[in-house]
Amino acid sequence: MHALNKSVVAGAIALLMGVAWGADGPGDAAAVQSGAVHAGHRMDAEVAPAAPPPRIPNSVSGDILTGLPLAEPPVIRSRQGVLKVELTAMATPVRISGKLVNARVYAASAYGQSYPPAFAPPTLVVDPGDNLQVTLNNQLGEPTNLHTHGFFVSPMGNQDNIFVDLPSGSKFLYSYDLPKGISPGSYWYHPHLHPLVEEQVFGGLSGFIYVRGQESFLPQDLQDIKQRFLQLKDFQYDGGNTIPATNIDSNAATHRTVNGLVQPTLALRAGETQLWHLGNLGADIWYTLELSGLSFTVIGEDGNILGRPWTTTQLLMPPAKRFDVLVQARTPGSYSLLTAPMDTGPAGDTYPLALLATLNVTGKVAEPTALPKRLKGFDDLSDAAIAKQRVFVLSENQNTNRFFINHRTFGANRVDATPETGTVEEWVFQNNTDELHPIHFHVNDIQVVSVNGVPQQARSLVDTVPIPYATTDAAGHRTPGEVVIRTRFSRFVGPYVFHCHILAHEDNGMMSIINVTSPGSE
Ligand SMILES: [Cu+2]
C-alpha cells in the first residue's frame, strides 16, 4: 500500500478518461486533464521555448552518463518477403548509458552481421504478408520463449505460441506468417514464459518489431519523414551492479531510459515533422509523456492505424502500450520529453516526475506542414451482433501477492473460455482492486465500448487497455472500475491468453487461457 493522495488519484482517473479514451475533443480534454494532474509545471512551449528542464527527483548515479546523443537501435529488414534473424537471449554485462550492469538481453545476428547484446536490441522491420523467421537461441541459464506482441498470427505451433518452453542451451525456430492485411505499425518482441516474464523483460529482454506502411497514409510531402524508434525501458541495479531478478520493486526509484540511454538529446528542425514510434517496452511501470507543451499527433496505437489522428499534449502509456506520433515544432529551443507524476491507484505505484530526453529544436521559426485529418477505417464492432457476453472480475490479495481473474490465478491446464471463429463477443472487465490493471489481448485486438459506463468512440482497435480501479463513495459504497470491450475471433484457432501487462501481476496469476475453436469442431 502507498499513501493515498486524493487529488492525484482523482487526476489519474480523469487522466485515463480524458487521454486514453476521451470521446470527443481529445486534445482539449487532455490539456485540461494535464493541468489537473500537475498544475504548475505544464508550460506553453510556443511562448517559453527555452524553459529549463525540470528538476529530476530520481537520483542519477555518477557513473551513469546523461545528455548523450540519442542512439537508435539497429534495424534488421526483411528481404524479398522474408526476414531471418537469430536472437540470443543471454545474461551478460552491458553498458546502459555508460553504466556497466549485469543484464539479461538479446544479441542478434542476421545476413552475416552480428549485433552485440544490448539493452536496446535491434528493431525487426517487415512488410505485411512477410514471413518472419526468428531462431531463438536460449543462453539465459533458465527457460524462456518469445512473444510477438500485437501480431495477428496463429497462436499455435511455431508462431505466436506462448506455451513453448525452451530450455537453456537450446534453440527454437519461430516462423510467423504475417497476413497481407496486418496493420502497419509498432509491435514488439519479448519473452512470455510464465512465471518468469517480469524478471526477463525487466532484465532487458524486449525490442521493437515494425510493420512498414504507415507513411502511405501521410500526405505527399511527408513521405520521406524521419522516423525514430523510442524504446521506453527502466532499470535498477543492486550492490553488485546486477539488475534484480527477484523481488523486483516497481515502486522503487528507477532509471528511465530511451533506447538504453538516460536523458539523451535529440534534434528536430523548426517546421520539420518527425514520426516517433513510442513503446513502453518495460516490465511494470507506466509513462505519462509530455513534451513541454508540444503536441503529439497520434496516428497509430498498438500497431493499428487510426481512423483519424488525434492531438494531445499528454500520452498515458501503460506497460506494453505503443503510440505512433507525429511531432513538430515551429519555435526553436530546448524542450523536455518527460513523464509527469502519476500514481496507479491507492494500492499501486507512485511515480515522480522524470526527464526522459531533451529535444533541441534548431533553425529559425518555421510553420510546420498541415497534418492529415483522416487516415483509415477499422473493423468497427459498435453494431456487430454479439454471440456471447462474458464477465471477468479482477481482484488481488496484497498479503499473498496473488492476482486473480474471476477469483482464480492462472491455470496452465485450464481453459476459461471457448469462443468460436467468426463471432464477436462482448467482455465486461470489472476491477475490484485499488490499482489499475492494463489488460492485454493476444492475437485478436479489441475495441473499447465503454469505460465506467461512459460510451467510448473508438479511434481504432487496441491490444492493451487499462481497467480503472474501484472507487468508494462518501457513504462507503464500493463500485468496481469497469471496461466493456468487444472482439472478433476472426480466423485463428487455438489456445492463447489475455492478461494484465504489469508483468508482476501476470506472473502472480492475472492471466487466463481462452481456446478459439471453429464452429462444429471439438
Ligand atoms: Cu495488473
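Just follow the structure's listing: the first ligand is 1, and inside any ligand the first atom is 1. Quick caveat, the model's predicted, so the values are computed rather than measured.
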- Message: Let's go through E420 and K388 carefully: what are the C-alpha distance in whole Å and the side-chain angles of both, what is the deciding distance for salt bridge (Lys or Arg N to Asp or Glu O under 4.0 Å) to 0.1 Å, and is it a yes or a no?
- Response: CA-CA 10 Å; E420 289 191 342; K388 195 168 178 61; over 6 Å; no

- Would F429 and F441 count as a close aromatic pair, with their ring centres under 6.0 Å? yes

- Item | Pairs flagged by salt bridge (Lys or Arg N to Asp or Glu O under 4.0 Å) wherever residues 467-478 is involved - sequence neighbours left out | D434-R478

- Note on the structure: Distance filter < 2.8 Å from the Cu ion (ligand 1), protein N/O/S hits 3

- Query: Only one of H192, H149, H194 forms a ring pair (Phe, Tyr, Trp, His ring centres under 6.0 Å) with H499, so which one is it?
  - Reply: H192

- Message: Show me the pairs that pass salt bridge (Lys or Arg N to Asp or Glu O under 4.0 Å) and involve residues 278-287, at least two apart or across chains.
- Response: none

- Which residues share a side chain to side chain contact (heavy atoms under 4.5 Å, CB included) with T409, sequence neighbours left out: R402, F404

